[in-house]
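Quick notes on the structure that follows.
In what follows, chains carry the letters A, B, and so on, assigned in the order in which the sequence lines appear, proteins first and then strands, with residues in each chain numbered from 1. All values below were derived from every heavy atom in this structure, side-chain atoms included, with hydrogens, water molecules and symmetry-related copies excluded.
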Amino acid sequence: MAKQNPETLGLMPPEIQVIRQRMGREPNWVEWGIFSLNWSEHCSYKTSKPFLKMLPRTGPGVVVGPGQNAGVIDLGNGWAVAFKVESHNHPSAIEPFHGAATGVGGIIRDILSMGARPIALLDSLRFGDPYTWRTRWLLSGVVSGIGFYGNSIGVPTVGGEVRFGPDYQENPLVNAMCIGLVRLEGLKQAVTGKPGNLLILAGAPTGKDGIHGATFASIDLIGPEEEKRPNVQIGDPFYGKLLIEATLEALEIPGIVGLQDLGAGGLSTAPPEMARRSGTGIELDLSQVPLRTPQMTPYEIVLSESQERMVLAVQPGVEEQVLAVYRKWGLEAQVIGRVIEDPVYRVRFGKEVVADLPMDLLLDGVDEVPQGPIGSLSTGSATSTHTNPHRITPQPSTWADLLLDLLQDPDIASKRWVYEQYDWSVQTRSVVGPGKGDGAVLWLKGTKQAVVATMDGNWRWTSVSPYEGAVRIVLEAACNLVAHGAKPLGITDCLNFANPQEAPTLQEFEQVIQGLRDAALALGIPVVSGNVSFYNQSETRRIPPTPVVGMVGLLEDLERMPQANFAQPGNRVYLWGSPQADLGGSVYQWRYQGTLGEFRKPITKEEVVRILHALLEAIHRGWIRSAHDVSEGGILVAIAEMAIQGSYGLEIPAMDPDPAFWLGEAPGRWIVEISPRDAHLVEDFARQRGVPLRFLGTVQADPHLSLSGQTISLDRLRDAYERTFPGFFEGRDASTQ
Amino acid sequence: MPVYHAELLVYLRPDLLDPQGRAVKHALNTLGFHEVEDVRMGKAIRIRLQAENDSQARDRLKEMAEKLLTNPVIEDYRILSLEQEP
Amino acid sequence: MPVYHAELLVYLRPDLLDPQGRAVKHALNTLGFHEVEDVRMGKAIRIRLQAENDSQARDRLKEMAEKLLTNPVIEDYRILSLEQEP
Amino acid sequence: MKAAVVVFPGTTCDFDAYDALKEGVGVDTEYVFYQTRDLSKYSLVVLPGGFTYGDYLRSGAIASRTPILDAVRDYVEKEWGFVVGICNGFQILTESRILPGALTRNHTNAFICKPVGLRIANAETPFTEEFEPGERLSLPIAHADGRYVADPATLQRLHKNRQIFLVYDPENPNGSVDNIAGITNEKQNVFGLMPHPERFWHPWLGSDVGIRFFRSLVRRVRHG
Ligand SMILES: Nc1ncnc2c1ncn2[C@@H]1O[C@H](COP(=O)(O)OP(=O)(O)O)[C@@H](O)[C@H]1O
Ligand SMILES: [Mg+2]
């Protein structure tokens, strides 16, 4: 073989130098390949690790914190909830259907690796200009890909978000979150246990799929797509489903020590990670790996990213039993290696040793490579867009027209076109599914309890201020859970950023982490899992800092859950929380001014948390008939959504003419509905707790909104709200950009 | 303008996993068709279009294939037939 | 035993609505391919199988089509090609 | 009585059918793996929804060619009890010709998941006895291939024998001919429907109207 340059695998010259030095010899090509994956940003978190350490990771309920395949939090009833988010941005940009589908498959297997049964998916999506052909292609491909995988595998997609911003044109974001349930005693981790244990590879046979996928996720999307041809993988949700059932059945066998899914990097990364947690070595024999494509080289086998595979570490003696379960389900399973004392990752093909690497160098050596200070990084040439190319002028002049127009904004408009393509009701837990409330409410069968989950991000906020925006996003997610009466338990975060080798990006990254940290600390909840996606940038454009927060909470009593829509005529409707909000970073500002603006002042986290806890208590006392978090589009849109979801109208007698009151955005505000009978009690309670409470209007049987005397029928509002997404795909010629 | 009838075939690239083909092959084998060694599933697309002549029709079909009908990242295609309507 | 490569095409019967074809036609038209008048989407199936000879291979393919590969209530099929591996 | 919920590779609604029968209706229920050849001990066999074999080739096609379908055919012929196919189960029953017609791609060309309006078109079948004639109800659908089609002669027979027991009303979400959502065979011991009654088995899930279908069958089994 001609001498090849390891730089072609994505390794940096200083990294290559450290490897050569520490190895004391020239690694062979298989070894370079294994290094390149383990040391890729995607697998090693080499750039982000020092920052991620700032996040609060522990707390009373935390059973498993970051560092495992998913975080796990105790629900207090013998069950625990496992959850994590993952990005599949780069593959989805070139093949939206399969890119998104395999992303869903990957995050489901992360949850499965904890021994948990996956019970729900959420998806957070970002696209560029919705009026272009490319965005339609991406949007429809991504949504059908997520639906294809999630629906087929029988895990409901119960919520999520879709937002548009000019800088996502070349770099769409596809973040998927999965939630699983596990009995505390059935919890598993990705460990190898003692030397002598055996490693089983189970699932689909290995093919030449996605070799170097992780490296691909760690570079900019620049240049002709032709070069990316080999890197897309095709997933098979049918095998994914078999893998869930077979694995959960196999885990009943005593003697299974640990397991891990094969994700980015395949066999080159998963077994060493398991060994690290147990302080052991590993010896694999690639000749035992079941192949889909005959005659694969050792290099290809060890680097393959074929989907729907797991590695299990088992005590000797139980392997036949485990293999039998997988085979019963029609899957491949084979003992491919064993746990050894020697701290090395040794890979054989039959008798021949094809790689022999010291575990500590492989896993942690990358941390020894000097990373220059932020100041030494390039400033980069790609920029972000801060003006809206689709600004609407002039702004509609009446409240009624303004509301009808705002409801059509792609970020506010109904996402029905998306979520009706997802099976959100399978597994019969979805008390509140997509489109109905602020979060998804998932019944814990056999109890009155529910797990409530949401995903939130807001690129406008983080563009105005990465730190302050991140704070607000975390609080916003908590407010969504509280609207359903759920107490927030924990966070998973997906950090989508541009190129970290450019100073502005790394600075934003640091500020966002600080914001996430401060907000999580204020709420008193941990960040138990997460994912980082860098290099979301093209030659000219970089995405805005886009942290996406997944949050999970517990609702104690489903019977006390407030509705999401107005419940009864005659009830009084209030704003619960501060009347002050920001036009800076709001949809209103972006849509009609075409700019992002500024925040007036930082949010007082402690105050939001206090108001939030007071609302939880009011819900617990049974006072709140319906509740909805005020988010994009402000109070005006929140009220309209509560009316549209049901069949009752609302009369607001006199409207404060200040647009900031009706259209401003800030977390810590809800619309709540209270029966006249409880009104005094609640007003007193709010006063005692220092919760600002402002009366807005009265629910009426007549299906109209009445705004300072102007009335609009709910049907007209619904029509405006529902029209936007179907409109993307109807006729209107799009530029083919 | 003359009317043409065309037929295009689109398959996943041969090195990529074809989950459908895999499932169909297994099913055929279990149904007793043990002689089946491999199955690949693709799309057949019949298109009726107007064009000035044969070569224009072919050019447009190629354009369609590249812009919409296939994703070259994962798929290969071929124009199986192109005939003018009598 | 000789190895054969066969290709089958399966389409919905012409009297049945083909929503996929309709969607593709609509997309082609909006993309500027106004000359497209109709699109029908079908399945292309490539099968590699062993057989004594041409006619046995053909018989077995027919059997496969009838037993599994097509649903005669809604579909028609044709064997596009059958060739012995050189 | 005992009910069976059949599990194929790729079945996804087995747990829901089980919960609906066991918790919702209170019937002794067991999962049955698709390799089973004998169903005689069950009074009710449910083929639940899902994506058997990935729904590759055609929805339900590969599952309908597995040996358990011979057992189902035998069970139906000997009238040992009732068979209910829901969603993918319905597709398996038409693919295996146990029920007539076929289920093809929704006219919207998309997967659709939402509750839809329905009307009981025949309240005299063992599956619908708990309903009033013409009663309206809502059940979730979740499918991409739910558009029922059949040739004119078959349709005529279905109407004449009142085999159409459930229709979409007012909106037809998938383009099914004559708004057909559910049909039975001539002997009225096999039922196929695209909507998911088992998903509406508890008020917290939106409604518990779904269990009335199963209760109808249970009453028939218990009281003849
Ligand atoms: N990509 C998606 N997948 C599933 N559900 C979605 C998606 N996007 C939006 N939804 C659902 O649509 C509803 C409205 O979305 P959104 O306006 O983002 O909610 P919120 O105001 O709570 O942020 C929510 O119930 C949400 O879960
Ligand atoms: Mg909203």
Practice item. Sort C:Leu8 into side chain, backbone, both or neither according to what part of it lies under 4.5 angstrom from a heavy atom of chain B. Key: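 Neither the backbone nor the side chain of C:Leu8 comes within 4.5 Å of chain B.
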Could you look at [X] and say if it's the side chain, the backbone, both or neither that has a heavy atom under 4.5 Å from chain C?
X: B:Leu9; value: side chain
X: B:Val3; value: side chain
X: B:Glu63; value: both
X: B:Tyr11; value: side chain

Please examine the side chains of [Y] and [X], heavy atoms only from C-beta on, and report whether any two atoms are closer than 4.5 Å.
X: C:Glu66; Y: C:Tyr77; result: yes
X: C:Met64; Y: B:Val36; result: yes
X: C:Arg22; Y: C:Asp18; result: no
X: B:Asp76; Y: B:Val10; result: no

Practice item. List the steps and the verdict of side-chain contact (heavy atoms from CB on, under 4.5 Å) for B:Asp38 and C:Ile47. Key: CA-CA 6 Å; B:Asp38 191 35; C:Ile47 298 180; over 6 Å; no
Practice item. Before giving the answer on salt bridge (Lys or Arg N to Asp or Glu O under 4.0 Å), spell out for C:Arg60 and B:Glu35 the whole-Å C-alpha distance, their side-chain angles and the decisive distance to 0.1 Å. Key: CA-CA 9 Å; C:Arg60 291 293 276 175; B:Glu35 69 266 46; 2.4 Å; yes
Winner by heavy-atom pair count (cut-off under 4.5 Å) against chain C, out of [options]:
options: B:Val24, B:Leu31, B:Val39, B:Ile45; result: B:Ile45
options: B:Met41, B:His5, B:Glu37; result: B:Glu37
options: B:Ala6, B:Gly42, B:Ala27; result: B:Gly42

Review point. Among C:Lys67, C:Lys25, C:Lys43, who wins on heavy-atom pairs under 4.5 Å with chain B?
Key: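 Answer, by heavy-atom pair count under 4.5 Å with chain B: C:Lys43.
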Check your understanding: Is there a side-chain contact (heavy atoms from CB on, under 4.5 Å) between C:Leu12 and C:Leu17 once you walk through the steps?
Key -> CA-CA 8 Å; C:Leu12 277 178; C:Leu17 168 72; over 6 Å; no
